[in-house]
Amino acid sequence: MNATIIQAVNDALHEEMGNDEQTVVFGQDVAESGGVFRATEGLKEEFGGERVLDTPLSEIAIVGSAVGLATHGFRPIAEIQFSGFLPPAFDQLVTNASRIRWRTRGELTAPMVVRTPYGAGVRALEHHSESLESIYGHVPGLKVAIPSTPHDAKGMLISAIRDPDPVLFMEPKHVYRSYREDIDEGTYTEPLGEAAVRQEGEDLTVISWGAMMHQTLEAVENLADKGVDAEVIDLRTISPLDKETIVESVKKTGRCVVVHEAAKTGGFGAEIAATINDEALMYLEAPIERVAGFDVPVPLLSMEDYYIPPPPRIEEAIKDTVAY
Amino acid sequence: MNATIIQAVNDALHEEMGNDEQTVVFGQDVAESGGVFRATEGLKEEFGGERVLDTPLSEIAIVGSAVGLATHGFRPIAEIQFSGFLPPAFDQLVTNASRIRWRTRGELTAPMVVRTPYGAGVRALEHHSESLESIYGHVPGLKVAIPSTPHDAKGMLISAIRDPDPVLFMEPKHVYRSYREDIDEGTYTEPLGEAAVRQEGEDLTVISWGAMMHQTLEAVENLADKGVDAEVIDLRTISPLDKETIVESVKKTGRCVVVHEAAKTGGFGAEIAATINDEALMYLEAPIERVAGFDVPVPLLSMEDYYIPPPPRIEEAIKDTVAY
Amino acid sequence: MDNSPQSISPPSVDVGVDPISQGDVEIETYQVVRPDGSFDADRVPDVDDEALRDLYRWMLLQRVYDNRATKLQRRGRLGTVASGRGQEAAIIGSGFALSQDDWIFPYGREAGALLMHGLSMRDLLLYWRGIEDASKMEGANIFGMAISIGSHIPLATGKAWGMQLAGEESIAFANLGDGATSTGAFHEGMNFAGVLDAPAVYFCQNNQYAISLPFEKQTNADTVAQKALAYGVDGIRVDGNDVLAVYNAVSKARERALEGNPVLVEAVTYRRGAHTTSDDPTRYRSEEEVDEWEKRDPLERYQAFLEETGRWDDIDEEAIREEVEEEFSAAVDAADEFEERGIEEIFSYLHEETPPELQRQLEEFRELLEERPDMYEYIETRPKG
Amino acid sequence: MDNSPQSISPPSVDVGVDPISQGDVEIETYQVVRPDGSFDADRVPDVDDEALRDLYRWMLLQRVYDNRATKLQRRGRLGTVASGRGQEAAIIGSGFALSQDDWIFPYGREAGALLMHGLSMRDLLLYWRGIEDASKMEGANIFGMAISIGSHIPLATGKAWGMQLAGEESIAFANLGDGATSTGAFHEGMNFAGVLDAPAVYFCQNNQYAISLPFEKQTNADTVAQKALAYGVDGIRVDGNDVLAVYNAVSKARERALEGNPVLVEAVTYRRGAHTTSDDPTRYRSEEEVDEWEKRDPLERYQAFLEETGRWDDIDEEAIREEVEEEFSAAVDAADEFEERGIEEIFSYLHEETPPELQRQLEEFRELLEERPDMYEYIETRPKG
Ligand SMILES: Cc1ncc(C[n+]2csc(CCOP(=O)(O)OP(=O)(O)O)c2C)c(N)n1
Ligand SMILES: Cc1ncc(C[n+]2csc(CCOP(=O)(O)OP(=O)(O)O)c2C)c(N)n1
Ligand SMILES: [Mg+2]
Ligand SMILES: [Mg+2]
């Protein structure tokens, strides 16, 4: 089946709701209208109103009740319409979702997924463009997954739903429909916590995730002609972090560029740089470059494209790093 | 005047409420009872019930109304009783406080302070021990200040109140009363955004902030006998970060240990390591060590002391780094 | 003592526990002009004829503005647009009751109220084009637009608190939808206002939907107005398609607020258009329903009132319409002439003083743009989501 | 058209806008036994004598437990403790109305209700000692303690939703204070429950204070019960010092909840002790007030009822007290015998499968403890804040 990311998400939901009767999908506008991005289209028709529900405009209640429901043997799959509206529910993530197993010493668990489209580039209003993955990645007990391809979107979402612990599933909405690929029919999983090496290379390691993977691959391709042989890692999961893949690669190449859309300071690029410093410092032949969003809120739509690192910015960083 | 940190905070509030009639102090239990840690003691008596108020149990309203009040020419100084109860108001910080100037292109501003005691070690209940500074430090437009001494607590708090933009002021409650020093009478300020070199040295740079400064200094002192000549930096402000002081020091010493209480992964130590990597990689003679909390919630009181990095842990990291 | 299970059966006789439920509260929906155009003469506000005509003009302006903005969006010349179609009486009746000193906290659909409050139409259009500079809401007491639903309620409470402390004779006026009433921010902001006796009016345009969610699923409460009781503040429910009723209700609310009683006003109305230009309402509601509400058109109802009272003849509807169409065209021209600032715009106005790292990011970006002018091209042509 | 200021004056005649306010709702406080011991015979629940005696026993247990726990804390052998003194009728009357299948969401003061629900006293003490292992609430349908006030309300809603989906005949029962009603989590959780028809009872022990904040400043609403109207759910206000009244009210609420009507119950009571062992209530309230409420002691009132109805003679108060004191002592002994797990405890139970980095942190820490056994000493003797 040839699918976009959004179709792959929809397919995964259909699959796993079919596989597991304990799954329940809810959020704003997910049932009657099939979601503002159509991620949940057709679910209500297929699985009925008990398992596919529209909720009030209540992010706290969406996340909090998902925790309660999960402890009762269900598998809630909640949608937060845009990741910019997840902060109202931040407390429920930190205080409850991530800690229920911990707080009750395993007596109660919260196998739940919070899906949310993140990132800029769709010409939307304020608060519709955030990338706060590093904040969620700092919350112990919370997994944070960010697919970049249709195949991964489907396989990782199914894994997330099956995960025994809470997973924040951040979907790169900027590329929801921009790229297609053939994905397997039926049920399959892609593991959480394992990065994917998208391309092997010797000159440097380029690490990215989510929507920025595509910009990154474009930049790498542009430089391939110019003789730069990059290894490209798609991180796929922010937490837990696949250190091994990163460290092995940088030990081989000795150079690294990290690309992300979130603001640079305190972004997840910092953790990657620190990790490489911890475990492969003496292999480094150049500073790790972070190509990232600026330390500002994402600009309104007229200027947002200046905010998102475009391939030329990535290319320059790669060139500098290789030439260092 | 010989004062503890909590007394210095109280003194700063008295000073600046006396200096500036537009200041308003509010939060839970700050007026009648003078605050659960007595930080606001005597303020209501001196400045009256209009300017010193108890609020309902509403963190969203405390932070959100502070923003509204600040845009009207006032200087709100809000207290969040424990930093573990700041997450419910996270959205107001991100969505409003940090962005009002930005959103209105300078037409409206939010000169406000949110004070909150943070950190573990006081044998309190769950959610009373968090250190989430790296999360707040990743929010563009929000300053994050963390004093470690009575002198700084007073001077930095006065600066925070006078700052034209929102400041999250995190107070190291574990050492609220553990250390005293002579502080100046009257009004003085200590700048935000400038780290302090607590001790000069040649062998390595040790960086910390808040309550962990004291553990760090103790470790450094223990090793001084053993011939380790450490330079010690008290970061004082997480955001904006004083890169210069850090980078200069590491260029000199070539080695660095960062000590913080927050969970290691995605903690602010990562940003410091990444910054050093950016600007002083080639000076590094050893990996930057992060001595940090484990990637778990702070344990309940019976085991919390195992969580907080004790001097021996810091000493070993320093020794390893120096010997590397 | 044993930890014996609670095993006894519940009281089998009627022991007289009688819960309160919403049926116990009577909530009237205040009206002046009935849908058929007949009206309650005692309730006609004591304002001059010009004001009564102005109300019509502003409603028509709102309608024309919404039509034109929607069309402009379709041609790709505005970003997402949220129309007030169907809500003209609520928007204009409330805006008309305010004083220039009051602060409006907008949430998106209230173009007419903002223009009335002093915002230029050019700036409003630029705002929907995502031009940072227009967010100033220059020259008017208008707060930044609350795109995060409900997040502005505590801000309005804080602003009203400031007015109270400063001893001013003005109010904070928050516009919100029915959806917003389900947010924690609404709750905490309203409750705090009640405690503070803050001079604030929270004006909920209950347009029956939050995107696809009908009001019955937004809350089990029959009305928004009754939520006032949770905060010990006043509640008013008004026919939101009756501009005179809304005007009276908000005037009353404003008066109460200035006396230290915050008020929650629910204007019962209907969003006749799509949620925004990216929404397709046929997915979740019937045409019959839309038709039903079209019959309660606020402009027609008010026109009937004006005809009935002999004022309609003084109104040259075609002339107003033309005037407004021209105003809109002129505003678009002015907006088109707006020259965006350079990339500094992105780095400005976040801090009073730009911190060194951000300054450096700006400079590096500037240099890069010089080195790689192809970046402009890339940025302009990149796929837009 | 000009953007003319809204300058017209407000309607000067009375146009009939009549806001609803809380005075319009009548809210009765349900009672069975009056403070003087007289009672309404029709309202005495139809339960057997043993149950009526048990109610007394449990209340006495709560009182003894609170006394002893407070003393234990003073001797440094418990962490912070929150006592239920004065709230015994609310705690016990509500707990007694539940079924073992119901899930309790505790917030801290309800020792008796938790013990009644199957928790062992040893575990409860260990919990207050900050022993991770005791947080299991083993063997009872008790959720983790909600230390972050109000944060558990959406959890209870979700749990009740699960019960509903599973077709079970049980409810989620959340304990909360008056302070919790001001949180956004309360609002969103209650409102969602209303929409879902979730089988949940939210039991608010309005003990007049949230630490130092008196109820009048917590909200401008006269009662907590009326907040139910904001959600279209049922509200019950009950004398929280009247154990039979509470029992009846919660039984009724439970019945309603099982029928798909979530209920907010307000039990009007008083926190006679300090907020917790770290609080000094003399800073914010008068002795007279405390004395006033001491006169409404729930145990004495219930004793008067038992005497009046000839049941007191069957109760050997001294024997119960002794029994409970012994139970407490035994629980302390058992708690003292509890052997804490090693440092793995810190690293366990956060994930089903410990991720590699955390595993490594554990191992490194283990090695370090071996290398530097002085760390134990340091940790034990460090200043405790
Ligand atoms: C906190 C938050 N959650 C979700 C959204 C996405 N969203 C935008 S408008 C809307 C519905 C708003 O409904 P309502 O408050 O009734 O206002 P209306 O659009 O009907 O005027 C939603 C869910 C948002 N903007 N903010
Ligand atoms: C979200 C949150 N904010 C603040 C606190 C600090 N705090 C602990 S108990 C309490 C008061 C609670 O009052 P109430 O809900 O009435 O319960 P009570 O203690 O009176 O039984 C406060 C403010 C907290 N635990 N959680
Ligand atoms: Mg609506
Ligand atoms: Mg209370």
Side-chain angles (χ1 to χ4, degrees), chain C residues 1 3 5-6 8 10-13 15-17 19-22 24-25 27 30 42-43 45-47 51 57 61 95-96 98-100 115-116 118 182 184-185 187-188 191 194-195 217 219-222 225-236 248-249 251-252 255-256 263 323-324, chain D residues 1 3 5-6 8 10-13 15-17 19-22 24-25 27 30 42-43 45-47 51 57 61 95-96 98-100 115-116 118 182 184-185 187-188 191 194-195 217 219-222 225-227 229-236 248-249 251-252 255-256 263 323-324 327:
Chain C
M1 168 168 30
N3 290 330
Q6 311 107 297
I8 59 168
S12 56
V13 292
V15 289
V17 180
I20 50 160
S21 68
Q22 52 185 339
D24 299 334
V25 200
I27 294 162
Y30 177 80
D42 290 353
R43 294 185 170 185
D46 182 25
V47 297
R57 281 190 166 129
L61 177 139
F96 213 73
L98 301 181
S99 141
Q100 291 286 299
L115 299 172
M116 203 189 295
S182 298
H187 178 71
E188 296 200 6
N191 188 62
V195 171
K217 291 190 185 172
T219 180
N220 202 46
D222 292 334
Q226 75 198 55
K227 292 177 190 273
L229 301 176
Y231 312 115
V233 306
D234 286 352
I236 298 176
N248 285 345
S251 297
K252 180 72 177 183
E255 190 185 299
R256 298 283 297 150
V263 186
E323 201 184 6
V324 174
Chain D
M1 171 167 25
N3 290 330
Q6 312 106 298
I8 58 167
S12 54
V13 292
V15 291
V17 180
I20 51 161
S21 68
Q22 53 186 338
D24 300 335
V25 200
I27 294 161
Y30 177 80
D42 289 354
R43 294 184 169 185
D46 182 23
V47 298
R57 283 192 167 127
L61 177 138
F96 213 75
L98 302 181
S99 142
Q100 291 286 299
L115 299 171
M116 203 188 295
S182 298
H187 178 71
E188 296 199 6
N191 188 62
V195 171
K217 291 190 185 173
T219 181
N220 200 48
D222 292 333
Q226 74 197 55
K227 292 178 191 274
L229 301 176
Y231 313 115
V233 306
D234 286 352
I236 298 176
N248 285 345
S251 298
K252 180 71 176 183
E255 190 186 298
R256 298 281 298 149
V263 186
E323 199 183 5
V324 173
E327 187 183 344

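Order of the sequence lines fixes the chain letters, A, B, ..., with proteins taken first and strands second; residue numbering starts at 1 for each chain.
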Considering only heavy atoms and a distance below 4.5 Å, find which of D:Ala249, D:Gly184, D:Gly232 pairs most often with chain C.
D:Gly232
Any non-hydrogen side-chain atom of C:Lys252 less than 4.5 Å from a side-chain atom of C:Asp234?
no
Taking ring pair (Phe, Tyr, Trp, His ring centres under 6.0 Å) as the definition, give me every residue that meets it alongside C:Tyr231, ordered by chain and number, with sequence neighbours left out.
C:His187
Under 4.5 Å from a heavy atom of chain C, the part of D:Val233 involved
backbone
Taking all non-hydrogen atoms of both residues into account, name the closest pair between D:Gln226 and D:Ala221 and its distance.
NE2-CB, 3.5 Å
Identify, with sequence neighbours excluded, every residue that meets side chain to side chain contact (heavy atoms under 4.5 Å, CB included) alongside C:Ala225.
C:Ile27, C:Thr223, C:Arg237, C:Glu266
Heavy-atom pairs under 4.5 Å with chain D - which of C:Asp222, C:Asp24, C:Val263, C:Val195 has more of them than the others?
C:Val195
What residue, out of C:Gly194, C:Ala228, C:Gly235, has the most heavy-atom pairs lying under 4.5 Å from chain D?
C:Gly235
Report which part of D:Val25 has an atom under 4.5 Å of a heavy atom belonging to chain C: side chain, backbone, both, or neither.
side chain
Indicate yes or no: at least one non-hydrogen side-chain atom of C:Glu255 is less than 4.5 angstrom from one of D:Val17.
no
